[in-house]
Peer 1: 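Please find one structure pasted underneath; my questions will follow.
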Amino acid sequence: MSRLSKTMKKELAQIQPSSILAFNQEISAIPDIVKLTLGEPDFNTPDHVKQAAIKAIENNDSHYTDSRGTEGLRQAATHFLNSKYDLNYDPDTQVLVTTGATEGIFSALTAILNPGDSVIIPTPIFPQYIPVNILNGGTPIFVDTSDNGFVLSPEKLQATIEANKDTVKAIVLNFPNNPTGVTYKKDDLEKLAAVIKQYDIFVISDEIYSELTYDGTHVSMASILPEQTVLLNGASKSHAMTGWRIGLLCGPVDVVTEIAKVHQFAITSATTNAQATAEEAFKSGPDDGQKMRVVYQERRDLLIDGLQKAGFECASPNGAFYLFAKIPAGLIQNSVDFCYDLARKAKVAVIAGSSFGPGGEGYVRISYAASTENLKEAIKRIQQYVTDNQD
């Protein structure tokens, strides 16, 4: 007799544990390796934010909060989103505090998907959307954007919806994008919105890297198409708080009300003292991310220059802290094999592009959320690796 759910057996058989985390763990045993693998800011959480956690603990703020999040955090978050991106959400009815954006992904897709529904996923993309979709009986429809500068065109979106209009329930947008660093301008979003508003579908708009936009100001899809957009954001990247696990989910009242039910029964509520830190971050440090952004941009430019000298072609990253680099001709072209070879021979760890869906093969994702010293050493090792291994 199977000890697992018969209902979920088929879905579970289609997914595997994260290849990114598995690779990162495996190569960590290599002595002296420089890891440019995970989306983990190397900055510390700002001191004023950490002090808020200490104060919360000293005040014995250790009890359950409202499942949607503390009132203070929801108010601070809505003010932050309004002042930064001109978004207008009611903190009582349109905001949900999640345990990171990843829980927001899970709760949103679980609430909106019926078995047999499909979700349009432009790739390459953060792979979390794929297994959550499958677990909920959905079918991912991949749209390879590698032939258009890693940007989804309205023409391709319209064609994809029309070809699947009997099943499409949502489209995922992730920008600035993980893994490419490419983002969407206002004009891009308006053209996509013009297509989407023709259909009764959701936009799951993952904008967790919004504060790390280098060229111009981040524009949210929720400011253009609020009635159909479920917005995901949070404190992880803007305030170097990945381990505190505080995300935000915002959207139309009726939609957030239903998603909140999934959220409640999945986690009850986010950690109390972590919510206190996020409230302080959004209220007293709305521009904390800008200081980090300046350094990230310097690192981006350093890395692009070094990789181009080694023969890599890079997508034009104008946000987040990743480069998506095409493996030079003459080297191993299978991205997984390339990454293992680079780790063993050059002691530099990067992530295989194939981990991010169609359009990713032949590329690697390189995180520059690492010290400048480590980036310089990685560049030197990669350049030597290319010299030693190119046909």
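Given the structure is predicted, the values throughout are model-derived calculations rather than measurements.
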Peer 1: Could you tell me whether F126 and Y209 have their ring centroids closer than 6.0 angstrom?
Peer 2: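 Centroid distance F126-Y209: not below 6.0 Å, so no.
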Peer 1: Check the pair D66, T70 against side-chain contact (heavy atoms from CB on, under 4.5 Å), reporting the backbone distance first and the verdict last.
Peer 2: CA-CA 6 Å; D66 185 315; T70 64; over 6 Å; no
Peer 1: Please walk me through it: do S67 and T268 pass side-chain contact (heavy atoms from CB on, under 4.5 Å)?
Peer 2: CA-CA 6 Å; S67 180; T268 303; 5.8 Å; no
Peer 1: Any link between I267 and L96 through a network of hydrophobic side chains (Ile, Leu, Val, Met, Phe, Trp, Tyr) touching at under 4.5 Å?
Peer 2: no
Peer 1: Can a donor-acceptor pair be found, under 3.5 Å and without considering hydrogens, that links the side chain of K169 to the backbone of F202?
Peer 2: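 Not confirmed, K169 side chain does not pair with F202 backbone.
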Peer 1: Looking at the rings of H239 and F282, which for Trp means the six-membered one, are their centres under 6.0 Å apart?
Peer 2: yes
Peer 1: Within the side chain of E207, is there an N or O that forms a donor-acceptor pair under 3.5 Å with the backbone of M221?
Peer 2: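 Checked: pair present.
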Peer 1: Q228 side chain to Y199 main-chain N or O, any donor-acceptor pair under 3.5 Å?
Peer 2: yes
Peer 1: Regarding D61 and T272, do their side chains bring together a donor and an acceptor under 3.5 Å, going by distance alone?
Peer 2: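 No donor-acceptor contact under 3.5 Å links the two side chains.
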Peer 1: Which donor-acceptor pairs under 3.5 Å do the side chains of residues 188-195 make with protein atoms, sequence neighbours left out?
Peer 2:
{"unit_1": "D188", "atom_1": "OD2", "unit_2": "K185", "atom_2": "N", "d": "2.9"}
{"unit_1": "K191", "atom_1": "NZ", "unit_2": "D187", "atom_2": "OD2", "d": "3.2"}

Peer 1: Just wondering, do E26 and Y340 contact through their side chains at under 4.5 Å, heavy atoms?
Peer 2: yes
Peer 1: Any idea which heavy atoms bring D215 and R300 closest together, and the distance?
Peer 2: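 Here D215 and R300 meet closest at OD2-NH1, 4.1 Å.
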Peer 1: Stepwise, does the side chain to side chain donor-acceptor pair (under 3.5 Å) test hold for T65 with Q275?
Peer 2: CA-CA 9 Å; T65 71; Q275 292 190 63; 3.0 Å; yes
Peer 1: What are the two closest non-hydrogen atoms of A170 and I204, and how far apart are they?
Peer 2: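 That would be CB-CG1, 4.4 Å.
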Peer 1: Just verifying a value: how many Å separate N114 CG and T167 OG1, rounded to the nearest 0.5 Å?
Peer 2: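 Going from CG on N114 over to OG1 on T167, the span is 11.5 Å.
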Peer 1: So which atom in L152 and which in L173 form the shortest heavy-atom distance, rounded to 0.1 Å?
Peer 2: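 That closest heavy-atom pairing would be CD2-CD2, 4.4 Å.
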Peer 1: Hey, quick one: are I20 and F324 part of the same hydrophobic cluster, counting side-chain heavy atoms closer than 4.5 Å, chains of contacts allowed?
Peer 2: yes
Peer 1: Should S236 and I246 count as side-chain neighbours, where that means a heavy-atom distance under 4.5 Å?
Peer 2: no
Peer 1: With a 4.0 Å cut-off, would you call R381 and D32 a salt bridge?
Peer 2: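 Result for this pair is yes, salt bridge flagged.
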Peer 1: Can V151 and V182 be said to form a side-chain contact (heavy atoms from CB on, under 4.5 Å), step by step?
Peer 2: CA-CA 7 Å; V151 171; V182 172; 3.6 Å; yes
Peer 1: Answer yes or no: is there a side-chain heavy-atom contact under 4.5 Å between N334 and S354?
Peer 2: no
Peer 1: T180 vs Y322, test: side-chain contact (heavy atoms from CB on, under 4.5 Å). Steps then yes/no.
Peer 2: CA-CA 6 Å; T180 66; Y322 308 106; over 6 Å; no
Peer 1: Would one find more than 12 heavy atoms of other residues, nucleotides or ligands at under 6.0 Å from atom NZ of K380?
Peer 2: no
Peer 1: Could you check K237, K84, K291 and say which one makes a salt bridge (Lys or Arg N to Asp or Glu O under 4.0 Å) with E211?
Peer 2: K84
Peer 1: Salt-bridge test for K376 and E373: reply yes if a basic N is under 4.0 Å from a carboxylate O, no otherwise.
Peer 2: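 Salt bridge absent between K376 and E373.
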Peer 1: Just wondering, do V168 and I141 contact through their side chains at under 4.5 Å, heavy atoms?
Peer 2: yes
Peer 1: For the backbone of L87 and the side chain of N82, can you confirm whether one donor and one acceptor N or O come within less than 3.5 Å of each other?
Peer 2: yes
Peer 1: Please tell me if the side chains of L303 and I379 come closer than 4.5 Å, counting only heavy atoms from C-beta onward.
Peer 2: yes
Peer 1: Could you check whether K50 and T277, counting side-chain N and O atoms only, form a donor-acceptor pair closer than 3.5 Å?
Peer 2: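 There is no such pair between these side chains.
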Peer 1: For the aromatic rings, using the six-membered ring if either is Trp, is the centroid distance between H218 and F175 under 6.0 Å?
Peer 2: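 So the answer is yes for these two rings.
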Peer 1: Do D388 and Q384 meet the criterion of a side-chain donor-acceptor pair at a distance under 3.5 Å?
Peer 2: yes
Peer 1: Sub-3.5 Å donor-acceptor pair from the side chain of T229 to the main-chain atoms of P226, do we have one?
Peer 2: no
Peer 1: Hey, is E71 close enough to R74 for a salt bridge, meaning N to O under 4.0 Å?
Peer 2: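 No, E71 and R74 are not salt-bridged.
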Peer 1: Could you tell me which non-hydrogen atom of I121 sits nearest to which non-hydrogen atom of I125, and how far apart they are?
Peer 2: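 Nearest heavy atoms, I121 then I125: CG2-CG2, 3.6 Å.
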Peer 1: Keeping the roles fixed (side chain from T271, backbone from N273), state whether a donor-acceptor pair exists under 3.5 Å.
Peer 2: no
Peer 1: Check whether any side-chain heavy atom of V143 sits under 4.5 Å from a side-chain heavy atom of T123, and report yes or no.
Peer 2: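 SC-SC contact between V143 and T123 ruled out.
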Peer 1: Without swapping roles, check the side chain of N133 against the backbone of Y129 for a donor-acceptor pair under 3.5 Å.
Peer 2: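 No; zero donor-acceptor contacts below 3.5 Å.
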Peer 1: Determine the minimum heavy-atom distance between V262 and A111, stating which atoms define it.
Peer 2: CG2-CB, 3.9 Å
Peer 1: Okay, side chain of E361, backbone of S335: is any donor-acceptor separation there less than 3.5 Å?
Peer 2: yes
Peer 1: Return yes if a side-chain donor-acceptor contact under 3.5 Å exists between T183 and N318, otherwise no.
Peer 2: no
Peer 1: For the backbone of S205 and the side chain of N174, can you confirm whether one donor and one acceptor N or O come within less than 3.5 Å of each other?
Peer 2: no
Peer 1: So that I can tick it off, tell me whether K55 and E58 are bridged by a salt bridge, with the cut-off set at under 4.0 angstrom between side-chain N and carboxylate O.
Peer 2: no
Peer 1: Decide yes or no for T145 and P124: does some side-chain heavy atom of the first lie under 4.5 Å from some side-chain heavy atom of the second?
Peer 2: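 T145 vs P124: side chains touch.
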Peer 1: Tell me whether K156 is salt-bridged to D144, with the criterion being a basic N under 4.0 Å from an acidic carboxylate O.
Peer 2: no
Peer 1: Which value, rounded to the nearest 0.5 Å, describes the distance between H48 atom NE2 and K283 atom NZ?
Peer 2: 12.0 Å
Peer 1: Would you mind reporting whether M241 and V49 have side-chain heavy atoms less than 4.5 Å apart?
Peer 2: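 Counting from C-beta outward, V49 and M241 do come under 4.5 Å.
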Peer 1: In terms of heavy-atom contacts, does CD of Q290 have more than 12 from other residues, nucleotides or ligands at under 6.0 Å?
Peer 2: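 Counting other residues, nucleotides and ligands, CD of Q290 exceeds 12 neighbours.
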Peer 1: Taking atom types as modelled and ignoring hydrogens, do the side chains of Y385 and D341 form a donor-acceptor contact shorter than 3.5 angstrom?
Peer 2: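 Looking only at side-chain atoms, D341 and Y385 do form a donor-acceptor pair, the distance falling under 3.5 Å.
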Peer 1: Might you work through the side chain to side chain donor-acceptor pair (under 3.5 Å) test for T139 and S118, ending with a clear yes or no?
Peer 2: CA-CA 4 Å; T139 300; S118 58; over 6 Å; no
Peer 1: Between N148 (side chain) and F150 (backbone), is there a donor-acceptor pair under 3.5 Å?
Peer 2: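 Checked: no pair found.
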Peer 1: Could you check whether atom CG of D200 has more than 12 heavy atoms from other residues, nucleotides or ligands sitting under 6.0 Å from it?
Peer 2: no
Peer 1: Taking the six-membered ring for Trp, are Y363 and F356 closer than 6.0 Å centroid to centroid?
Peer 2: no
Peer 1: So, are D287 and R293 salt-bridged, with charged N and O less than 4.0 Å apart?
Peer 2: no
Peer 1: Please report the closest heavy-atom contact between S210 and Y85, naming both atoms and the distance.
Peer 2: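 In terms of heavy atoms, the two residues are closest at OG-OH, 2.8 Å.
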Peer 1: Counting only heavy atoms not in Q25, do more than 12 sit closer than 6.0 Å to its CD atom?
Peer 2: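 Atom CD in Q25 is not crowded, with 12 or fewer foreign heavy atoms closer than 6.0 Å.
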